[in-house]
**Student:** 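Please see the structure below; I have some questions.
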Amino acid sequence: MRLTILGGGGFRVPLVYGALLGDRAEGRVSQVTLYDEDPARLTAMARVLRDQAAAASAADRTVDAPTVMVTGELDEALRGADFVFSAIRVGGLEGRAADERIALAEGVLGQETVGAGGIAYGLRTVPVAREIARRIARHAPEAWVINFTNPAGLVTEAMAEVLGRRVIGICDSPVGLGRRIARVLGARPQDAWIDYVGLNHLGWVRGLRVGGRDELPRLLADTEALESFEEGRLFGAEWLRSLGAIPNEYLHYYYFNRDTVRAYQEAEQTRGAFLRDQQRGFYAEAARAGAPAGAALAAWDRTRAEREATYMAENREAAGAPEREESDLESGGYEKVALALMRAIARDERATLILNVPNGSTLSVLDSEAVIEVPCLVDANGAHPVGVAPLPLHAVGLVTAVKAVEREILAAAASGSRTDAVKAFALHPLIDSVGVARRLLDGYAAAHPGLAHLR
């Protein structure tokens, strides 16, 4: 099979390639094509993957590493692809840093996918994602598209306008959360059924069944166990018990918004600025000519370890939580989810995965085309959402409000209308004023050339 990765110079590409190196089943990926508009990032990433393949072969001579091709031509990258991973970042990390800075100046959250920052990111990403979807439909109409691009639910919904059910969104947050809960309960993650429901970065674990028995009530009753893992330390046992569920970590931005905004305002630099500066150093080192074999992979490993250790540091500070423990530093596993999804479709190996897919009739409070994040049964015909219990009213409020914002982003990206764009900002639960919404849009339109028409 041939896999194309859009955003092939992106930092997390080695996670995907590493997972492919361990896949020895028949029908595995034989060629990986990296597409990126930045030649320097492509060069650096190709060196990291070369080092990965060499290290894997040295450890196990039976490893058959997929061939790696690089290109800056989108249509060339797409032709002949069986699967396409979309992992683009429109505006780069410089754009993310601007999104955060502009929002914080107005006293609101500027996180990459939540609040004002997520709206700005969506406004400039949706038009590009729609064009990519049209190019895929033209040059690789039989390919399955797995979307990693944030905001993942919104972008998947935009691409589905063209590609229908052949585009599926994935995220590692629900996977990591379910794994941590299972381990605290003494269960193997692969043996647990996770009752998870919501939108991307806005969902809740409402049950965790092992052998047909829901073990979540046992966890909620045990304060020490609750506060032994990342989400328990972030939200606190009392709040989790009041919800009767374990929220996705991104809900900390909603439930503790003032605390988080203050922590972000007081930080030396925003998360986007930190990653921008960190990755500049990594890409320069990895692309350096004449570096010894293995140097690019070693630089990537060091950079990734620092990246994981500092993830959501401001939220932990706001919550008074300690530094991340070693068990929390493990990757959420989005590359493993992607590989399991590919296997299930390509080989008709049925799997159950938490994915971003059109709602159908799963949640009655949303229409059929609204992309939601829920457990799905996957087979050769794609991903099929599993029926879930209705959302409680507090969750209905957040889910429907944020979905309404996503629809305004889709409308504004299609129409170029300032009115639609202002409405997207103003309707978000974390933006408390139409006046602030207008100023935010003006700030983003000034900072990002692609949004200049909205001023």
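Below, each value reflects all heavy atoms present in this structure, side chains not excepted, and no hydrogens, waters or symmetry copies. Here, residue 1 is the first one in the sequence, and each next residue gets the next number.
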**Student:** Within the 4.5 Å heavy-atom criterion, are M45 and Y17 side-chain neighbours or not?
**Tutor:**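 No. Closest side-chain heavy atoms not under 4.5 Å.
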**Student:** Got L251 and F235 here, is their nearest side-chain heavy-atom distance under 4.5 Å?
**Tutor:**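 Contact flag for L251/F235 side chains = yes.
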**Student:** Under the rule for side chain to side chain contact (heavy atoms under 4.5 Å, CB included), what residues qualify as partners of Q269, not counting sequence neighbours?
**Tutor:**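 By the side chain to side chain contact (heavy atoms under 4.5 Å, CB included) rule, Q269 matches A273, F274, D277.
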**Student:** Stepwise, does the salt bridge (Lys or Arg N to Asp or Glu O under 4.0 Å) test hold for R180 with E231?
**Tutor:** CA-CA 9 Å; R180 287 188 285 273; E231 287 76 10; 2.6 Å; yes
**Student:** Side chain of E100, backbone of T270: donor and acceptor closer than 3.5 Å?
**Tutor:**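 Flag not set: sc E100 to bb T270 has no pair under 3.5 Å.
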**Student:** Treating N248 as the side-chain partner and W204 as the backbone partner, does any N or O pair qualify as donor plus acceptor under 3.5 Å?
**Tutor:**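 A pair under 3.5 Å: no.
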**Student:** Looking at residues at least two apart in the chain, or sitting in another chain, which of them share a side-chain hydrogen bond (donor to acceptor under 3.5 Å, both in side chains) with R218?
**Tutor:**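 If we apply the side-chain hydrogen bond (donor to acceptor under 3.5 Å, both in side chains) test to R218, skipping adjacent residues, the hits are E215.
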**Student:** With a 4.5 Å limit on heavy-atom distance, are the side chains of V402 and Y254 in contact?
**Tutor:**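 They are in contact (side-chain heavy atoms under 4.5 Å apart), so the answer is yes.
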**Student:** Side-chain atoms of residues 110-124: list all donor-acceptor pairs with protein atoms under 3.5 Å, sequence neighbours left out, distances to 0.1 Å.
**Tutor:**
unit_1	atom_1	unit_2	atom_2	d
Q111	OE1	T113	N	2.7
Q111	OE1	T113	OG1	3.1
Q111	OE1	V114	N	3.1
E112	OE1	R96	NH1	3.3
E112	OE2	R89	NH1	3.0
E112	OE2	R89	NH2	2.5
T113	OG1	H201	ND1	2.7
R124	NE	V90	O	2.8
R124	NH1	D99	OD1	3.0
R124	NH1	D99	OD2	3.0
R124	NH1	H448	NE2	3.2
R124	NH2	D99	OD2	2.8

**Student:** Could you label the plane-to-plane angle of the F11 and Y283 rings as parallel, tilted or perpendicular, counting under 30° as parallel and over 60° as perpendicular?
**Tutor:**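 F11 and Y283: perpendicular rings.
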**Student:** Does D51 reach the side chain of V48, with side-chain heavy atoms less than 4.5 Å apart?
**Tutor:**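 No - every pair of side-chain heavy atoms lies 4.5 Å or more apart.
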**Student:** Does the R206 side chain pair with the main chain of A389, one donor and one acceptor, at a distance under 3.5 Å?
**Tutor:**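 Yes, because the side chain of R206 sits within donor-acceptor range (under 3.5 Å) of the backbone of A389.
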**Student:** Working to the nearest 0.5 Å, report the span between OH of Y35 and CD1 of I5.
**Tutor:**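 The CD1 atom of I5 is 14.0 Å from OH of Y35, to the nearest 0.5 Å.
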**Student:** Any Lys/Arg nitrogen of R241 or E238 sitting under 4.0 Å from an Asp/Glu carboxylate oxygen of the other?
**Tutor:**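 A salt bridge is absent here (no side-chain N lies under 4.0 Å from a carboxylate O).
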**Student:** May I ask you to decide if E335's main-chain N or O and D172's side chain share a donor-acceptor pair within less than 3.5 Å?
**Tutor:**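 Pair absent, no side-chain N/O of D172 close to backbone of E335.
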**Student:** Are the side chains of L15 and R304 in touch, meaning some heavy atoms are under 4.5 Å apart?
**Tutor:**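 They are in contact (side-chain heavy atoms under 4.5 Å apart), so the answer is yes.
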**Student:** Looking at E369 and R165, is there a salt bridge between them, counting it only when a charged N and a carboxylate O are closer than 4.0 Å?
**Tutor:**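 So R165 pairs with E369 through a salt bridge.
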